[in-house]
Amino acid sequence: MIYEPSMVAVVIFLLFVGFTLGLSFYLGGKAKSSQGYFAAHGQIPWFINGVAFAGDYLSAASFLGICGMIAFYGYDGFLYSIGYLAGWIVALFVVAEPMKRLGKFTFADALDAKYGSRGIRLAAGISTLAVSMFYLIPQMVGAGVLIQPLLGFPHWVGVLMVGAIVIVIVVTAGMVSTTWVQFLKGSLLVVFSLILTVILLGRGFETAPGGIDGYAFREYGPFDTKATFEEWDLPSELTEGEKVESLSSDKTTILRFEDAKLERPSYWSVYSKNENEKYLLEAQTVGTSPSGETLVNGQVKGTQKGEPELHPIGYISELPDGQEKTGPLGPLSFFSTLQESEVVLWASQPGVDDEGQSLTVYYQKPTPGSQILRPGEHPRFAGIRSDHWLDKLNFLSLMLALFCGTASLPHILIRYYTVKDEASARKSTIVGIASIGFFYVLTLYLGLGAMTSGSMDVTNSNMAAPLLAKSISELLFAIISAIAFTTVLGTVSGLILASAGAVTHDLVSNFRTVEMTDHEKVRLAKIASVAVGGIAIVLGILFEKLNVSYLVGWAFSVAASANLPSLVVPLFWKGVTRQGIISAVIVGMTSSLGWILLSGDTYSKVYGLPAEDALAPFSQPGIITIPLGFLTLVVVSLLTKEKTED
Amino acid sequence: MQTANARIGLVLFMIYLVLYGGFVFLNAFSAETMEITPFAGVNLAILSGFGLIIAAFILAMIYGLIARSESTNASEGGKK
């Protein structure tokens, strides 16, 4: 699709960024000590901190990734919502209060307070850096993805801008301004998602033959299922049909015709409506011309409205009882109506050979609502419908990592030090759960609303939420895009601050014989922020093509495997030794990272090698490496017990 | 660290673990069950998903209330 940068969007976006920066400078004047820089003097009110939790946590992956996944595949994206929220239960009931009681700046503090070991600080500091980096990459990539349609800049400019703005925010004021940015962003995100949902319900569903650009995709049939397509009574405009070699596991037949109507070849998919009827549905293609231009549906892609572009998708083909329009719907009838409807989803087949050029064909997949609203339709979750136990294990592993990961994320953990006591830590976690839970309920409405809004970009699921807003009004699009962008800013600043804290308190102070002064600590943290920010910018540019929500799942696995055992076990068992903790952090971190690097997903998506050659039997490490971390902690503690007692 | 708050937290955590575990295992081993529509034409997948989110909120509120009343009791006890 062509994204025209709109003036409104640019103005609103600049207002957001300007306000955020202004706030940073204003608050920056107040934070002088290291206590102020890293933990906002422990003076943030619990309600503000609670909403800031939501701001920290609802990253680009939550907002853009989940909405996009629901919009393109249905219910499965919501499984992420459920898992992400469930993790907060671990945070609230198990980790929050002891963390607050024992620590000062970083989670290594909490461990150090108990065991007084440099090794623990070092290991915990390194794992904080590793997890933060893993989590930073998708945020930076998300920023690049957003800036393109919003302001019309290329990917790398977006990444560079976010990096620069965040570094300014973090360097000027540290945790105080970061917290207020998070608060602002968290509340705006929830409020505007609610507004969108209310508008969606008021709008109801409507059937359409295509997207909002008014193009009706051509459809011919029914044809006899027993005859071959050469024998069908085809419309006169389609001649010289040939079957395209099928490369995907999907058994859909793709055909190519000389198309008299378009005066160039067109691609079609064969859809079996039932046992006796087949239909020919028009597809869309994206390719590259010999001179390097992007071709959409066989024409050079335009740069302005009215020039060739892909048609927007996402529409309902059938409503219950043959209705054409439902009118306003309630929060439950929204689902029950969709359950009885049929929605046209789109699938893709890359690597189609078109006279020597490689094309990606996007084809229609009319899908009953009952299928869209059930788990297991997304390829990543399809395992739950297979009989192979390894596929089921992959699913269990992901859900376990989401459950255990939240409470182990460094940028979430440091937020326990910005409030004054344990009661405030508890209360702000409850506020966090309420706002995050409410938002996740809305993601299902937003995702399904986007799916049926007729405005989706078939090539980019990350844009689902902003495009849904665009189908309602340009102003709403501008606001939602600006919020999404602030979302990235907020999460990135939290992560950079967590990394800077780890470098200052856990790595550097650890190896200096002379205690650093407050001033030195803050200066060091600022230098570390610039360095981490710089690395994040480079990685964000390098990993442009990697799927956003995908990396986040991995960050959760690494966080849970490395940090959770050391956070939880000492609370319940007095026999834990410092050697036990050090080895648990190291084993958890290296095993989960190693597993990820050797998994089929990394093989196919990063190295470009066949997924079957991968050494790890399935992609999500959590179910093996989280228990492994716990086991290491217990075993090493038992082995080293006598030594520490002596 | 076995404070009263931690014990309550642990009990509530276990309750949620059972709910979440039940949901995940039902999805993994009996995905078809999630397709039935027990209430208002909405399927079990959506109802149980919303249920889990609401349950998390309710448990969090319970914890907030009990934990607070306990600390006030303790301080009152201290005064007597």
Side-chain angles (χ1 to χ4, degrees), chain A residues 75 78-79 81-83 85-86 88-90 92-98 101-102 320 330-340 370-371 373-376 381 383-385 391-393 395-396 398-400 403 422-423 426-427 429-434 436-438 440-441 444 570-572, chain B residues 1-21 23-37 39-68 70-72 75:
Chain A
Y75 184 82
F78 193 55
L79 287 168
S81 294
I82 293 166
L85 184 76
W88 279 94
I89 290 293
V90 185
L92 173 65
F93 293 154
V94 186
V95 177
E97 290 177 49
R101 196 164 51 234
L102 296 171
L332 284 179
S333 60
F334 182 83
F335 298 118
S336 57
T337 308
L338 197 61
Q339 175 93 14
E340 308 282 315
S370 57
Q371 234 179 70
L373 296 178
R374 71 179 191 185
F381 290 99
I384 62 170
R385 297 198 175 277
D391 294 331
K392 290 184 190 294
L393 215 54
F395 170 75
L396 294 179
L398 174 68
M399 294 310 276
L400 179 71
F403 188 55
E422 289 156 49
R426 183 173 66 230
K427 279 189 254 177
T429 316
I430 296 170
V431 172
I433 288 179
I436 294 166
F438 184 60
Y440 279 146
V441 167
L444 192 56
L571 303 178
F572 302 102
Chain B
M1 86 121 225
Q2 276 300 331
T3 64
N5 275 359
R7 271 198 302 278
I8 301 164
L10 204 59
V11 171
L12 293 172
F13 172 74
M14 287 299 170
I15 295 174
Y16 197 79
L17 188 63
V18 170
L19 295 177
Y20 183 76
F23 174 81
V24 170
F25 278 94
L26 205 57
N27 269 306
F29 296 101
S30 178
E32 305 73 38
T33 317
M34 286 294 178
E35 290 172 45
I36 57 170
T37 51
F39 175 72
V42 181
N43 71 11
L44 189 63
I46 294 173
L47 290 175
S48 58
F50 279 3
L52 270 176
I53 292 178
I54 294 166
F57 177 65
I58 292 174
L59 290 177
M61 287 305 284
I62 292 175
Y63 182 63
L65 289 174
I66 297 181
R68 190 173 56 195
E70 229 182 33
S71 61
T72 41
S75 62

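Per chain, numbering begins at 1; letters A, B, ... match sequence-line order.
Contacts between Leu444(A) and chain B at a heavy-atom distance below 4.5 Å involve the side chain alone, from C-beta outward. Both the backbone and the side chain of Phe29(B) come within less than 4.5 Å of a heavy atom in chain A. Looking at Ala423(A), neither its backbone nor its side chain comes within 4.5 Å of chain B, counting heavy atoms on both sides. Contact of Leu85(A) with chain B is made through the side chain alone, with heavy-atom distances under 4.5 Å. Leu19(B) does not touch chain A: none of its heavy atoms, backbone or side chain, sits under 4.5 Å away. Proximity to chain A is limited to the side chain of Thr37(B), based on heavy atoms less than 4.5 angstrom apart. Residue contact with chain B, scored on non-hydrogen atoms closer than 4.5 Å, is absent for Leu393(A).
With rounding to the nearest 0.5 angstrom, the CD1 atom of Ile436(A) is 12.5 Å from the CZ atom of Phe57(B). Note that the CG atom of Leu92(A) and the CZ atom of Phe13(B) stand 11.5 Å from one another [nearest 0.5 Å]. Between atom CE of residue Met399(A) and atom CZ of residue Phe23(B) there is a gap of 5.5 Å, rounded to the nearest 0.5 Å.
In this structure the side chain of Val42(B) never reaches within 4.5 angstrom of the side chain of Gln339(A), judged on heavy atoms. Annotation: side chain of Phe78(A) is in contact with side chain of Ile53(B) (closest heavy-atom distance under 4.5 Å). Within the 4.5 Å cutoff, side-chain heavy atoms of Tyr16(B) are placed close to those of Phe403(A).
Residues Gly64(B) and Ile430(A) approach most closely at CA-CD1, 3.5 Å, considering heavy atoms. Considering every non-hydrogen atom in both Ala40(B) and Ser336(A), the closest pair reads O-CB, 3.3 Å. In terms of heavy atoms, Ala28(B) sits closest to Lys392(A) at O-NZ, 2.8 Å. Across every non-hydrogen atom of Ile82(A) and Gly49(B), the tightest pair is CD1-CA, 3.5 Å.
Here the rule is ring-ring contact (aromatic ring centres under 6.0 Å, His included) with Phe50(B), and of Phe335(A), Phe438(A), Tyr75(A) only Phe335(A) fits it.
Looking at Asn43(B), its side chain does come within 3.5 Å of a backbone N or O of Leu373(A) through a donor-acceptor pair.
Interface summary for chain B: among Leu79(A), Ile433(A), Val441(A), Val90(A), the most heavy-atom pairs under 4.5 angstrom belong to Val441(A).
Between Tyr63(B) and Phe93(A), the ring-plane angle classifies as perpendicular under the 30° and 60° cut-offs.
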